[in-house]
There are 2 protein chains.
Amino acid sequence: MFDDILAANRDYAAGFALAGLDPRAAKGLGVVTCIDSRIEPLAMLGLRPGDAKILRNAGGRVSDDVLRSLALATHLLGVERICIVQHTRCRMVGATNEEIRAAIGPAADGRDFLPIDDQHRTLADDVRAVRESPLIPGGVSVAGFIYDVDTGLLEPVVP
Amino acid sequence: MFDDILAANRDYAAGFALAGLDPRAAKGLGVVTCIDSRIEPLAMLGLRPGDAKILRNAGGRVSDDVLRSLALATHLLGVERICIVQHTRCRMVGATNEEIRAAIGPAADGRDFLPIDDQHRTLADDVRAVRESPLIPGGVSVAGFIYDVDTGLLEPVVP
């Protein structure tokens, strides 16, 4: 099932050009964004490998696991500023837990899938959750953006 | 603090070439990997934008939030096979909760940061957690790999 991936990886390794990169984020950036296949987190921000720590989950939501990763990124890995980037035409926007649970089945009963009703408000809440988390150092800058998957443009929403 | 990012994004949007991509994963792939800045998840697997859903957290661990995202990716977004990709020289390998909590401070007391002791065993446990999750459809293939940040090669560890 994964032979295509392994063959492609051998080609990648044959031309490998990233040896020796420092494990700390060279531009001091952490980016929280969605798992969406239309998003290129580094390219859309003008970044290269080595520059940033990239965190991705469904919706680009500030879950407890994102706070875990951001705590590590800020305290141990050189991250000093954090962009939370949600996006247009996201499957989670307008979805409801009821609809999602019905699609997944009984195992999903009672779970919160973190769907997004009002994206601007959710983004503001998520930025605030990082700013107010005692796991994140006070000097870290946090801002919220919406990425337009049709134009490639970032809209600054929570300065 | 984010002017450099927004300026770089305007350049990206001026040459934007991804309009019209389908939101479903064209190659049916979901990839769980680490936030590490040395990893290029698409390139290392021979993939392009549109091909895969990418999930990233510290360590590339199967957290509860990863299961949430994978449930959505498999039931709603076309993912039929999942690669869990941890990597060499990961900051989480050999780390302990005690050391991490000491670095972060009192807010971290009692939290599990999901450090990795034996990476092969952890990867096998994480693959099993996805396979056994009732949130993931039975027909989905799951495998575990370790990516070498010095050579670019993927080692298949859990077939």
(message) If hydrophobic clusters are built from ILVMFWY residues whose side chains come within less than 4.5 Å, do B:Phe113 and A:Leu76 share one?
(response) yes
(message) Under 4.5 Å from any heavy atom of chain B, what part of A:Asp36 do you find: side chain, backbone, both or neither?
(response) both
(message) Using a strict threshold of under 4.0 Å (side-chain N to carboxylate O), is an ion pair present between B:Asp148 and B:Arg38?
(response) no
(request) Please say whether more than 12 non-hydrogen atoms of neighbouring residues, nucleotides or ligands are located less than 6.0 Å from CG in A:Asp125. (result) yes
(message) Looking at every non-hydrogen atom in both residues, tell me the closest pair between B:Ile35 and A:Ser69 and how far apart they are.
(response) CD1-O, 4.2 Å
(message) Which one wins on heavy-atom pair count under 4.5 Å against chain B: A:Pro23, A:Pro156, A:Ala73?
(response) A:Pro23
(message) Measuring from atom CD of B:Glu155 to atom CZ of B:Phe145, what distance do you get when rounded to the nearest 0.5 angstrom?
(response) 10.5 Å
(request) With a 4.5 angstrom heavy-atom cut-off, could you sort out which part of B:Arg24 is near chain A: side chain, backbone, both or neither? (result) backbone
(request) Using atom types as modelled and distance alone, determine if a side-chain donor or acceptor of A:Arg81 lies under 3.5 Å from a backbone N or O of A:Leu29. (result) no
(message) Heavy-atom pairs under 4.5 Å with chain A: which of B:Ala8, B:Ala43, B:Pro106 has the most?
(response) B:Ala43
(message) Distance check, rounded to the nearest 0.5 Å: B:Leu55 atom CG versus B:Leu70 atom CG?
(response) 5.0 Å
(request) Quick one: pull up CG in B:Asp3 and CE in B:Met1 and give me the separation to the nearest 0.5 Å. (result) 10.0 Å
(message) Which atoms of B:Arg68 are under 4.5 Å from chain A, going by heavy atoms: the side chain, the backbone, both sets, or neither?
(response) both
(message) I'd like to know if B:Asp126 pairs up with B:Arg61 as an ion pair, taking the criterion as any Lys NZ or Arg NE/NH1/NH2 lying under 4.0 Å from an Asp or Glu carboxylate oxygen.
(response) yes
(request) Could you tell me which portion of A:Ile39 (side chain, backbone, both or neither) has an atom closer than 4.5 angstrom to a non-hydrogen atom of chain B? (result) neither
(request) Find out if a path of hydrophobic residues (ILVMFWY) with successive side-chain heavy-atom gaps under 4.5 Å connects A:Leu153 to B:Phe2. (result) no
(request) Name the region of A:Asp64, side chain, backbone, both or neither, that has any atom closer than 4.5 Å to a heavy atom of chain B. (result) both
(message) Looking at chain B, which one of A:Ala71, A:Gly152, A:Ser63, A:Pro159 has the largest number of heavy-atom pairs inside 4.5 Å, strictly under?
(response) A:Gly152
(message) I'd like to verify something: which residue of A:Thr33, A:Asn57, A:Val31, A:Thr74 has the highest number of heavy-atom pairs under 4.5 Å with chain B?
(response) A:Asn57
(request) Sort by residue number and list every member of residues 136-144 of chain B having a non-hydrogen atom under 4.5 Å from chain A. (result) B:Ser141, B:Val142, B:Ala143
(message) I'd like to know which of B:Pro49, B:Gly46, B:Ala19 tops the heavy-atom pair count under 4.5 Å against chain A.
(response) B:Pro49
(request) Name the member of A:Gly105, A:Ala25, A:Ser37 that forms the most heavy-atom pairs with chain B at distances under 4.5 Å. (result) A:Ser37
(message) Please check this pair: side chain of A:Thr122 against backbone of A:Asp118, looking for a donor-acceptor N/O pair closer than 3.5 Å.
(response) yes
(message) With a 4.5 angstrom heavy-atom cut-off, is it the side chain or the backbone of B:Leu6 that approaches chain A, or both, or neither?
(response) side chain
(request) Return the orientation label for the B:Tyr12 and A:Tyr147 ring planes: parallel under 30°, perpendicular over 60°, tilted otherwise. (result) tilted
(request) Would you kindly confirm whether A:Ile5 and B:Val32 end up in one hydrophobic cluster when ILVMFWY residues are joined by side chain heavy atoms under 4.5 Å apart? (result) no
(message) If I take atom CZ from residue B:Arg48 and atom CG from residue B:Leu21, how far apart are they, to the nearest 0.5 angstrom?
(response) 9.5 Å
(message) Please classify the contact between A:Leu42 and chain B as side chain, backbone, both or neither, with a heavy-atom cut-off of under 4.5 Å.
(response) neither
(message) Is A:Ala52 in contact with chain B via its backbone, its side chain, both, or neither, using a 4.5 Å heavy-atom distance?
(response) backbone
(message) As an exercise: rank A:Asp11, A:Leu18, A:Leu47 by heavy-atom pairs under 4.5 Å with chain B and give me the winner.
(response) A:Leu18
(request) Measure the spacing between CD1 of A:Ile100 and CD1 of A:Ile104 and express it to the nearest 0.5 Å. (result) 6.5 Å
(message) Rounded at 0.5 Å granularity, tell me how far CG in A:Leu114 sits from CG in B:Asp65.
(response) 6.5 Å
(message) Membership question, hydrophobic clusters at under 4.5 Å side-chain separation (ILVMFWY): are B:Ile146 and B:Met44 in the same one?
(response) no
(request) Check each atom of A:Leu135 against the heavy atoms of chain B and say whether the ones under 4.5 Å are side chain, backbone, both or neither. (result) both
(request) Pull out the residues in residues 83-99 of chain A that come under 4.5 Å of chain B, heavy atom to heavy atom, sorted by number. (result) A:Cys83, A:Arg91, A:Met92
